[in-house]
Amino acid sequence: MRRLGFVALLLPSFAGCAPPVPEAAALPIVDGTFEPAEDAVGLVTAFGAVGLCTGTLIAPNVVLTAKHCVQAPGVEGPYPVSALTVGVGSRAGATRDYRARYVDTTPGVYQQSPTTGLSGEIFGVDVAVVILRTPVDGVTPIPVRRDRPDDRIGQPFTAIGFGRRPDGDAGLKYRTEGVLESLTEAGILFTQRGTMIQETPERRVIGVASFGEAGNCPSRRDGYNGVWSHVGLIDRALVLGGNCLGLDEACNSLDDDCDGVVDEGCVPYGGACA
């Protein structure tokens, strides 16, 4: 099975096989089963671009995905925001679609590597966020894990996403499980399965699928960008989307702890310092 796309839940992405085609078939996937639910994992598409990608809803109107899902190789910036759509559902062509109003990515030009097939020359920067024009109602988002998940090495994770099977069929959402093999200092997670969500002690997105071994389908080893390395990018999108972060209150003109009060306990601007 080709790596499942988003963010981690899944995390998003494609590598190791030829570009997927839009047709879908209700047939078994290698080491996976059809996933009719899990609406927090959606289908990311760009009008005029080839391929399918996966994104994970991390807030009612914010989707975490891979940079290569929203930006063409060798181009300085992402596709026009008007071209991006996130679909809720389990089959391409039968999703409830939401248009994007904002997209942001990690810095730099996205490269395709002949060694890995995807993003091999820019490890650690294949991450993007999309703010939707309207929130997705009735779906529980999956928050990101904000710290380095060293405790998850050797532990299982859930993979859910849209990918392509070795027989060429594509467009359906599947679920499988894997084990996190290793974690590099540069923030790359390695495994032999699809996108990455930890289920315990709390459900969190921990990695965005980025690349796999070229020439192998299924890929024998997949790499994912750890989200903890990119919380600044993620938090900016969450705040711009009108979401609070659920953190300890800081003196920054934001309601960090989601209690409806901004900067409680802080000295007003211009006030006397203690």
Side-chain angles (χ1 to χ4, degrees), residues 1-17 20 24-45 51-60 62-66 68-69 86-98 126-130 136 138-145 149 152 155-165 169-180 189-200 202-212 218-219 222-227:
M1 179 186 73
R2 176 165 209 191
R3 184 172 64 267
L4 302 175
F6 32 111
V7 141
L9 213 137
L10 319 176
L11 314 180
S13 212
F14 291 88
C17 300
L27 299 174
I29 193 168
V30 178
D31 295 330
T33 58
F34 175 65
E35 174 52 68
E38 290 288 3
D39 284 342
V41 182
L43 179 65
V44 177
T45 57
L52 305 173
C53 259
T54 305
T56 302
L57 196 69
I58 59 173
V62 180
V63 174
L64 176 64
T65 188
H68 72 260
C69 294
V86 176
V88 176
S90 294
R91 180 187 178 110
T95 55
R96 179 163 41 109
D97 294 337
Y98 292 80
D126 193 15
V127 175
V129 285
V130 176
V136 178
V139 176
T140 301
I142 304 175
V144 300
R145 175 165 174 170
R152 303 311 300 171
Q155 300 299 312
F157 67 87
T158 299
I160 304 174
F162 295 84
R164 183 180 180 183
R165 300 201 315 258
D169 288 311
L172 296 181
K173 183 161 57 180
Y174 286 88
R175 168 191 291 266
T176 188
E177 294 182 352
V179 173
L180 177 58
L189 305 94
F190 286 101
T191 178
Q192 292 180 337
R193 303 286 186 184
T195 57
M196 210 169 286
I197 299 177
Q198 69 171 46
E199 298 289 356
T200 60
E202 55 192 1
R203 200 173 208 210
R204 292 289 185 269
V205 176
I206 60 175
V208 175
S210 179
F211 60 91
S219 171
D222 296 327
Y224 304 81
N225 293 258
V227 297

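Atoms considered below: every heavy atom in the structure, side chains included; atoms not considered: hydrogens, waters and symmetry mates.
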*asked:* I need the minimum non-hydrogen distance between Thr65 and Val208, along with the two atoms involved.
replied: O-CG1, 3.5 Å
*Mind checking salt bridge (Lys or Arg N to Asp or Glu O under 4.0 Å) for Arg152 and listing every partner two or more places apart, or none if nothing turns up?*
none
*asked:* Using 0.5 Å steps for rounding, measure from the CD1 atom of Ile142 to the CD1 atom of Ile160.
replied: 6.5 Å
*Grab the two heavy atoms, one from Ser210 and one from Asn225, that are nearest each other, plus how far apart they are.*
CB-ND2, 3.0 Å
_Show the nearest heavy-atom pair for residues Ala40 and Thr140, with the distance to one decimal._
CB-O, 3.5 Å
*Hey, could you give me the CZ/OG1 distance between Phe162 and Thr45, rounded to the nearest 0.5 Å?*
10.0 Å
*To the nearest 0.5 Å, tell me how far Thr54 OG1 sits from Leu64 CG.*
11.5 Å
*Is there a donor in the side chain of Thr158 and an acceptor in the side chain of Glu199, or the other way round, less than 3.5 Å apart?*
yes
*Do Val62 and Leu57 touch side chain to side chain, with heavy atoms closer than 4.5 Å?*
no
*Considering non-hydrogen atoms only, spot the tightest contact between Pro149 and Leu180 and give its length.*
O-CD2, 4.4 Å
*Minimum-distance pair of heavy atoms, taken over all atoms of Tyr174 and Phe34*: CD2-N, 3.4 Å
_Pairwise side-chain contact, Val179 with Phe157, heavy-atom cut-off 4.5 Å (strictly under)_ = no
*With no hydrogens and no angle check, is any side-chain donor or acceptor of Ser90 less than 3.5 Å from a backbone partner on Pro36?*
yes
*Residues in side-chain contact (heavy atoms from CB on, under 4.5 Å) contact with Val86, at least two apart in sequence or another chain*: Val44, Val63, Leu132
*asked:* Ignoring hydrogens, what is the shortest heavy-atom contact between Pro141 and Pro60? Give both atom names and the distance.
replied: CG-N, 3.7 Å
*Between atom CZ of Arg145 and atom CD of Gln198, what is the distance when rounded to the nearest 0.5 Å?*
4.5 Å
*Mind checking whether Tyr98 and Val88 have side chains closer than 4.5 Å, heavy atoms only?*
yes
*Report yes or no: does Thr56 contribute a side-chain atom to a donor-acceptor pair with the main-chain N or O of Val41 at less than 3.5 Å?*
no
*Quick one: pull up CG in Leu172 and OG1 in Thr33 and give me the separation to the nearest 0.5 Å.*
11.5 Å
*asked:* So does His68 get a backbone contact from the side chain of Asp126, meaning a donor-acceptor N/O pair under 3.5 Å?
replied: yes
*Find the distance between OH (Tyr224) and CE (Met196) and round it off to the nearest 0.5 Å.*
5.5 Å
*Answer yes or no: is there an ion pair linking Arg203 with Glu38, defined by an N-O contact shorter than 4.0 Å?*
yes
_Quick check against the 3.5 Å criterion: does Lys173 have a side-chain atom that pairs as donor or acceptor with the backbone of Leu43?_
no
